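Note that the coordinates shown come from a computational prediction; the quantities given were computed from them, not determined experimentally. All heavy atoms count here, side chains included; hydrogens, waters and symmetry mates do not.
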Amino acid sequence: MVDLSPDVFTSLGIDPKHYPVAVFFGVLGLWSTDLWLVVQDLKAMKDKKPEVSKSEPTAPSILADNRAAFNRGS
């Protein structure tokens, strides 16, 4: 943009040499804000983690139920 319209920068009172530095710090600030928000979301997910109930069927009971159903069908 500086190469295409240096007159626009000078009319706005912006030094064209400072534009790339401003873009760099703007992008760096945006990236760090996004990273901070992701970390906050992960912390919130960790705090809301559902507890595992103890009444879930175990693998041997599921296998026994499947075998019983298979034997009934034959």
Please tell me whether [X] and [Y] are part of a single hydrophobic cluster in this structure, the criterion being side-chain heavy atoms less than 4.5 Å apart.
X: Leu42; Y: Leu37; answer: no
X: Val23; Y: Leu12; answer: yes
X: Val21; Y: Leu28; answer: yes
X: Phe24; Y: Ile14; answer: no

*asked:* To the closest 0.5 Å, what do you measure between CH2 (Trp36) and CG (Asp41)?
replied: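 If we round to the nearest 0.5 Å, Trp36:CH2 and Asp41:CG are 9.5 Å apart.
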
